[in-house]
Amino acid sequence: MIEVQDIRAGYGAINILWDVSISVRPGELTTIIGPNGAGKTTLLRAIMGLLPLAQGSILLNGKVLTDTPTWRMPDLGVVMIPEGRMIFKDMTIEENLMLGAFSPRHRAASRRQCEKAYQMFPRLYERRNQRAGTLSGGEAQMLAMGRGLMADPKVLIIDEPSLGLAPVVVNELFQTLSRLKEEGRTIILVEQSTHRAVGVADQVYLLQSGKVVLSERASNIDMEHLHELYFAH
Ligand code: ATP
């Protein structure tokens with residue numbers, strides 16, 4: 001579904017990703033794990049077209065994405081839920097949700113999608129007219145996910161959703177990820193919580209200093225070996 005082929009990318013003169021290749025299969029949850037600064041967010045940004053590639057290419061359903069502007073990605077069925085959630089605190093929850101259906105193509109179905117988001121996250125419905133700044137961390141993450149779902153994406157790219165959340169809230173979040181997968185969505189997940197990420201994933205990539213050092217089916221992962229690689233420098 002998404003093929004990242006041998007890419008190099010970074011910021012200005014600084015290269016971060018070195019010959020990175022990953023393959024995301026439809027309907028699967030692919031997780032990208034790795035220590036701080038390994039380049040996980042940079043890889044997600046490259047997929048979304050937020051960074052120019054110095055080498056390699058990225059394909060969606062066999063078509064090269066290079067030069068596709070980021071704002072067109074939801075129309076192609078790909079939505080990113082960024083780290084930090086990017087909620088507009090002074091807008092209501094419903095106004096934040098509606099922003100997820102910004103393109104004309106999705107605006108027509110926005111009411112229906114909004115109802116679906118409320119079904120998945122009933123707490124957002126209860127608070128729909130409140131300022132988003134009043135939400136707890138877990139609720140804000142739900143809002144960010146709900147907003148991403150407004151475009152009814154085939155592929156959801158989620159960057160560190162569990163950041164700063166209490167363990168019980170993280171459990172709920174991972175249940176939501178499983179539900180999204182059951183709905184047939186393809187998910188790319190960047191996570192700090194390695195155990196949980198591997199537990200929910202089909203395919204695992206470990207990034208280390210901008211390179212893929214492990215590519216393995218989640219069912220074949222030996223956690224001890226994974227930790228050795230994770231902490232190796
Ligand atoms: P974390 O788990 O801490 O979020 P990460 O694996 O997602 O880490 P990235 O955010 O992709 O890592 O960062 C990889 C490297 O790129 C880091 O060394 C970081 O300092 C650098 N970097 C990130 N954003 C920028 C930027 N806008 N300009 C310059 N360098 C950047």
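Not measured: the values here are computed from a predicted model. Counting starts at 1 for both ligands and their atoms, in listed order. One-based numbering along the sequence shown.
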Student: Taking 4.0 angstrom as the limit and counting only heavy atoms of Glu83, give me the atoms of ligand 1 inside it, by number and element.
Tutor: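 Matching atoms, with element in brackets: 4 (O).
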Student: On a heavy-atom basis, I'd like to know which of Glu191, Gln208, Lys40 is closest to atom 2 (O) of ligand 1.
Tutor: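 Shortest heavy-atom distance from atom 2 (O) of ligand 1: Lys40.
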Student: Which heavy atom of the protein is the closest neighbour of atom 18 (O) of ligand 1, given with residue, atom name and distance?
Tutor: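 Answer for atom 18 (O) of ligand 1: Gly37 O, 4.3 Å.
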Student: Is the ring pair His227/Phe231 parallel, tilted or perpendicular, if the boundaries are 30 and 60 degrees?
Tutor: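 It falls in the parallel class, under 30°.
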Student: Show the atoms of ligand 1 that are less than 4.0 angstrom away from any heavy atom in Arg45.
Tutor: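 Within the 4.0 Å cut-off of Arg45, ligand 1 contributes 24 (N).
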Student: For atom 12 (O) of ligand 1, what's the nearest protein heavy atom and its distance?
Tutor: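 Closest protein heavy atom to atom 12 (O) of ligand 1: Gly39 N, 3.3 Å.
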Student: Return yes when at least one protein heavy atom is under 4.0 Å from atom 20 (O) of ligand 1, and no when none is.
Tutor: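 Flag for atom 20 (O) of ligand 1 set to false, no protein heavy atom closer than 4.0 Å.
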Student: List the steps, then state whether side-chain contact (heavy atoms from CB on, under 4.5 Å) holds for Ile158 with Met80.
Tutor: CA-CA 6 Å; Ile158 314 177; Met80 177 158 162; over 6 Å; no
Student: Show the atoms of ligand 1 that are less than 4.0 angstrom away from any heavy atom in Thr42.
Tutor: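 The atoms of ligand 1 under 4.0 Å from a heavy atom of Thr42 are 9 (P), 11 (O), 13 (O), 14 (C).
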Student: Considering only non-hydrogen protein atoms, determine which one is nearest to atom 10 (O) of ligand 1 and report residue, atom name and distance to 0.1 Å.
Tutor: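 Looking at atom 10 (O) of ligand 1, the protein heavy atom closest to it is Thr41 CB, 3.6 Å.
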Student: Are any of the side-chain nitrogens in Glu95 or Arg131 under 4.0 Å away from the carboxylate oxygens of its partner?
Tutor: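 Salt bridge between Glu95 and Arg131, a charged N being under 4.0 Å from a carboxylate O: no.
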Student: Just by distance, no angles: are the side chains of Asp159 and Thr41 close enough, under 3.5 Å, to form a donor-acceptor pair?
Tutor: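 A donor-acceptor contact under 3.5 Å links the two side chains.
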Student: Is at least one protein non-hydrogen atom found at under 4.0 angstrom from atom 15 (C) of ligand 1?
Tutor: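 Yes, there is one.
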Student: Assess the side chains of Glu28 and Gln203: does a donor N or O sit below 3.5 Å from an acceptor N or O?
Tutor: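 Result is no, nothing qualifies.
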Student: For Leu149 and Leu156: C-alpha separation, side-chain torsions, deciding distance, then whether side-chain contact (heavy atoms from CB on, under 4.5 Å) applies.
Tutor: CA-CA 8 Å; Leu149 290 170; Leu156 261 177; 3.8 Å; yes
Student: List ligand 1 atoms under 4.0 Å from Gln192, heavy atoms only on the residue side.
Tutor: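 Numbered from 1, ligand 1 contributes 2 (O).
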Student: With a cut-off of 4.0 Å, which atoms of ligand 1 are near a heavy atom of Glu160?
Tutor: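 That gives atoms 1 (P), 2 (O), 4 (O) of ligand 1.
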Student: Could you find the nearest protein heavy atom to atom 3 (O) of ligand 1 and give me its residue, atom name and distance?
Tutor: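 Checking every protein heavy atom, the shortest distance to atom 3 (O) of ligand 1 gives Asn36 OD1, 3.2 Å.
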Student: What residue and atom, counting heavy atoms only, is the protein's closest point to atom 30 (N) of ligand 1, and at what distance?
Tutor: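 Minimum-distance protein heavy atom for atom 30 (N) of ligand 1 reads Tyr11 CD1, 3.4 Å.
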Student: Evaluate the side-chain contact (heavy atoms from CB on, under 4.5 Å) criterion for residues Leu189 and Phe174: first the C-alpha distance (whole Å), next the side-chain angles of each, then the deciding distance (0.1 Å), finally the verdict.
Tutor: CA-CA 11 Å; Leu189 174 70; Phe174 273 82; 4.1 Å; yes
Student: Is the number of heavy atoms from other residues, nucleotides or ligands within 6.0 Å of CZ (Arg72) greater than 12?
Tutor: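 Result for CZ/Arg72: open.
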Student: So if I count the atoms of ligand 1 from 1 in the order they appear, which ones are less than 4.0 Å from some heavy atom of Pro35?
Tutor: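 Near Pro35, meaning under 4.0 Å from one of its heavy atoms, ligand 1 has 6 (O).
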Student: Under 4.0 Å, heavy-atom basis, I'd like to know which part of Ile16 is in contact with ligand 1: side chain, backbone, both or neither.
Tutor: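 Ile16 to ligand 1: side-chain contact only, backbone stays beyond 4.0 Å.
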Student: For residues Leu226 and Ile33, determine if any side-chain heavy atom of one lies less than 4.5 Å from a side-chain heavy atom of the other.
Tutor: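 Of all side-chain heavy-atom pairs linking Ile33 with Leu226, at least one is under 4.5 Å.
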Student: Check the surroundings of atom OH in Tyr118: do more than 12 heavy atoms from other residues, nucleotides or ligands lie under 6.0 Å from it?
Tutor: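 Yes, enclosed.
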